[in-house]
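This report concerns only the one structure given below.
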2 protein chains.
Amino acid sequence: MTEVVLKQPHTPRITVKDLARQLGMSVSTVSRAFYEDAVIAPKTRARILARAAELGYQPNPLARGLITKSSRIVGIVVSDITNPFYPEVLTRLTGKLQALDLNVMLVVTDPKRSEDETLRVLLSYHPDVVIILATTLSSASSDACRKVGTPVVFFNRYDASQRSYAVTCDNELGGRTVADHLIDLGHRRLAYVAGLPNASTNVDRWKGFHARCLERGVQAPLSSVGQEFSYAAGYAAAHGFLSSDEPPTALFCANDILAIGAMDAARRDFGLSIPDRLSVVGFDDIAMASWPSHDLTTVGQPMELMVERTVDLTLSLSRNDASQPALQRIPGKLVERSTTRAIDGRQ
Amino acid sequence: MTEVVLKQPHTPRITVKDLARQLGMSVSTVSRAFYEDAVIAPKTRARILARAAELGYQPNPLARGLITKSSRIVGIVVSDITNPFYPEVLTRLTGKLQALDLNVMLVVTDPKRSEDETLRVLLSYHPDVVIILATTLSSASSDACRKVGTPVVFFNRYDASQRSYAVTCDNELGGRTVADHLIDLGHRRLAYVAGLPNASTNVDRWKGFHARCLERGVQAPLSSVGQEFSYAAGYAAAHGFLSSDEPPTALFCANDILAIGAMDAARRDFGLSIPDRLSVVGFDDIAMASWPSHDLTTVGQPMELMVERTVDLTLSLSRNDASQPALQRIPGKLVERSTTRAIDGRQ
DNA sequence: GTGAAAGCGCTAACAC
DNA sequence: GTGTTAGCGCTTTCAC
């Protein structure tokens with residue numbers, strides 16, 4: 001006898017009503033059982049919760065949101081994800097948020113679709129908070145959120161208007177740290193392998209690096225023309241620098257992937273041994289950076305802390321008890337590995 | 001005069017009622033304007049849509065879902081994402097789904113929290129479909145979905161019960177292809193660097209590889225004890241194989257990351273040049289595999305196709321007009337790069 | 001401490 | 001073609 005598959009949209013799920021009827025109580029009583037601070041007899045609550053667990057009932061947050069005006073949805077906007085740093089942030093963030101019973105609705109900004117369009121769909125779900133993980137996103141988007149009253153948290157990026165919340169690594173300080181490190185090692189001809197030109201991470205790392213060089217009385221570093229945060233871009237930029245008559249002796253790359261690309265170019269196409277002939281520093285400290293074949297000196301982003309702060313902030317905002325918009329900058333720290341060393345006579 | 005920040009949960013958003021009142025129509029008429037095949041005068045619809053655009057109004061899908069029983073939410077379950085293949089799949093999937101007006105709710109399975117617990121929250125949002133991207137996830141989870149009538153699509157994994165939909169790379173065929181490739185090159189002592197033991201990707205790749213070796217009359221390949229799909233695991237496994245008296249001349253690794261770890265071990269700790277002394281093949285063809293420093297021969301997963309099929313399937317399922325549960329296996333193809341070569345006298 | 005009733009924003013019969 | 005009504009699953013006054 002063959003089993004007939006019913007084309008049933010969704011098996012009807014159990015609701016408050018069902019529960020109420022089964023227990024011989026009113027729906028409101030049942031509803032109260034799911035609120036910590038509702039007035040309800042402990043025994044009644046216990047009975048309800050027991051039966052609910054048994055039946056696998058859970059209040060529908062969508063219906064609940066309609067009335068409470070809180071969807072418990074957190075929107076996360078992501079753009080390119082070629083940098084492994086971001087997937088990791090995304091999953092950690094998601095994991096921590098869901099432990100707080102906040103659910104993540106993910107949208108990716110597709111270059112083909114307009115950013116506003118993308119945000120519009122997200123906002124139609126009325127998320128309590130929107131987190132922007134995208135390396136670059138026009139402030140128009142954050143305006144869109146503000147317009148409907150949805151708070152925005154920028155992660156490793158900030159809005160020029162300073163009217164949103166932001167949690168970032170102290171990228172400028174990171175740039176300065178690298179400048180100090182390389183200058184301390186005796187390097188004088190420095191160059192910066194740039195990432196996405198309008199990403200604040202890129203801009204700030206450069207700013208700090210450049211400023212610190214000048215402060216230390218070192219010739220201003222060169223900079224490549226920013227492309228993207230990719231292996232290929234790093235490869236190409238290194239090519240540019242190393243083809244010159246007086247190539248730099250050290251490269252600071254806007255992130256680890258760029259650095260790996262740059263190192264490959266240096267080694268393969270210029271036969272330069274690293275760190276003997278060229279020092280290279282990255283940014284992020286992704287897992288790959290510590291692989292023996294790279295063993296890259298880099299600025300470690302305080303990811304765990306950044307994620308925690310973002311989650312805290314998101315929670316406060318979802319409860320509507322956050323402080324004024326503010327930018328939190330968390331310092332990273334230099335992880336010295338084997339791609340940097342003191343300049344010596346052989347150069 | 002300082003601006004007073006009102007602690008207002010959410011600025012009241014515009015609703016059908018507002019729109020209806022402003023236009024002097026009934027709410028149902030307004031509602032109809034947003035449905036392609038609703039009966040409504042074209043001019044009326046135009047007026048409504050114009051005003052809506054102006055005001056930034058969009059029907060609230062949550063409220064809509066309450067009545068239509070369709071949330072237009074697609075749940076995606078993700079586990080570890082150390083393999084860059086998955087973030088890419090995730091973003092592509094999300095991008096394509098959102099273009100179809102399906103929104104992605106993301107959950108990550110946290111080892112600390114029970115899988116069921118995680119799924120439970122996801123299901124409480126009543127997603128139309130759940131996609132499981134996690135490399136491994138107990139069939140208990142898919143049962144949980146089935147119990148509430150939510151269709152499940154497995155991506156690159158399948159449920160033993162065969163009662164769900166699945167789109168996977170033909171992993172077994174991939175394994176066979178690699179066996180043929182290596183055997184054709186003259187290799188006879190082969191080994192498999194295993195990934196997560198209970199991941200179907202791992203199992204099937206091994207199965208095909210092993211079976212094909214036997215079919216070709218080659219000594220059964222060795223296999224490492226599966227750990228995880230990580231650089232470190234690849235490094236360790238290679239160590240194991242290469243320390244033996246008669247080490248294998250070729251390694252097939254369950255994925256690219258393992259392969260890269262294995263190659264680093266071979267080169268650094270055993271001074272073996274690849275492919276002269278050891279051939280290595282990976283699986284996935286992630287971006288990194290093509291970087292000059294790796295230039296890894298690997299089985300390319302037909303990601304684009306897999307994503308497309310998954311999206312098609314998801315769309316059908318969300319419309320409730322899909323065929324019977326079935327497993328789609330899409331063949332990948334071998335990408336020959338420079339980590340494999342014919343065995344020669346020097347060995 | 002509990003129940004009855006109203007209503008969140010929306011769609012789906014059913015009249016007209 | 002449009003308006004009226006009911007009701008999705010839930011929370012929240014307000015009585016009791």
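The chains referred to below are lettered A, B, ... by the order of the sequence lines, with proteins before strands, and numbering in each begins at 1. As the structure is a prediction and not an experimental result, all values here were calculated from the model. What's counted below: heavy atoms across the whole structure, side chains too, no hydrogens, waters or symmetry copies.
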Report yes or no: does [X] contribute a side-chain atom to a donor-acceptor pair with the main-chain N or O of [Y] at less than 3.5 Å?
{"X": "S71(A)", "Y": "H126(A)", "value": "yes"}
{"X": "T94(B)", "Y": "L90(B)", "value": "yes"}
{"X": "S164(B)", "Y": "V153(B)", "value": "no"}

- Does any non-hydrogen side-chain atom of T314(B) lie less than 4.5 Å from one of L97(B)?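 Side-chain contact under 4.5 Å: yes.
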- Message: Nearest heavy atom decides the nucleotide; on that basis, is T68(A) or M25(B) closer to the 5' end of DNA chain D?
- Response: M25(B)
- Message: Is the phosphate of dG3(D) approached by S26(B) (side-chain N or O, under 4.0 Å from OP1 or OP2)?
- Response: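 Indeed, a polar side-chain atom of S26(B) lies that close.
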- Would you say S31(B) reaches dC10(C)'s phosphate, i.e. side-chain N/O to OP1/OP2 under 4.0 Å? no
If you round to the nearest 0.5 Å, how far is [atom2] of [Y] from [atom1] of [X]?
{"X": "L315(A)", "Y": "D128(A)", "atom1": "CG", "atom2": "CG", "value": "10.5 Å"}
{"X": "L119(B)", "Y": "D143(B)", "atom1": "CG", "atom2": "CG", "value": "10.5 Å"}
{"X": "L100(B)", "Y": "D312(B)", "atom1": "CG", "atom2": "CG", "value": "8.5 Å"}
{"X": "T91(A)", "Y": "Y86(A)", "atom1": "OG1", "atom2": "OH", "value": "13.5 Å"}

Could you state the atom-to-atom distance from [atom1] of [X] to [atom2] of [N] in whole Å?
{"X": "L62(B)", "N": "dC10(D)", "atom1": "CG", "atom2": "P", "value": "13 Å"}
{"X": "I48(A)", "N": "dT2(C)", "atom1": "CD1", "atom2": "C1'", "value": "10 Å"}
{"X": "L23(B)", "N": "dG3(D)", "atom1": "CG", "atom2": "C1'", "value": "15 Å"}

- Message: Just checking F34(B) against Y57(B), ring centres under 6.0 Å apart?
- Response: yes
- Message: For a quick check under 3.5 Å, do S26(B) and R32(B) share a side-chain donor-acceptor pair by atom type?
- Response: no
- Regarding R64(A) and S70(A), is there a side-chain donor-to-acceptor distance under 3.5 Å anywhere? no
- Strand-adjacent residues in residues 39-47 of chain B, judged by heavy atoms under 4.0 Å from DNA chain D: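 Going residue by residue through residues 39-47 of chain B, the ones with a heavy atom under 4.0 Å of DNA chain D turn out to be V39(B), I40(B), A41(B), T44(B).
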Produce the list of close N/O pairs, under 3.5 Å, pairing protein atoms with atoms of nucleotides 6-9 of chain D; give distances to one decimal.
from	atom 1	to	atom 2	distance (Å)
dC8(D)	OP2	K17(A)	NZ	2.9
dC8(D)	O3'	K69(B)	NZ	2.8
dG9(D)	OP1	K69(B)	NZ	3.0
dG9(D)	N2	A63(A)	O	3.4

Might you list the N or O atoms of the protein lying below 3.5 Å from N or O atoms in nucleotides 13-16 of chain C, with each pair's distance?
none

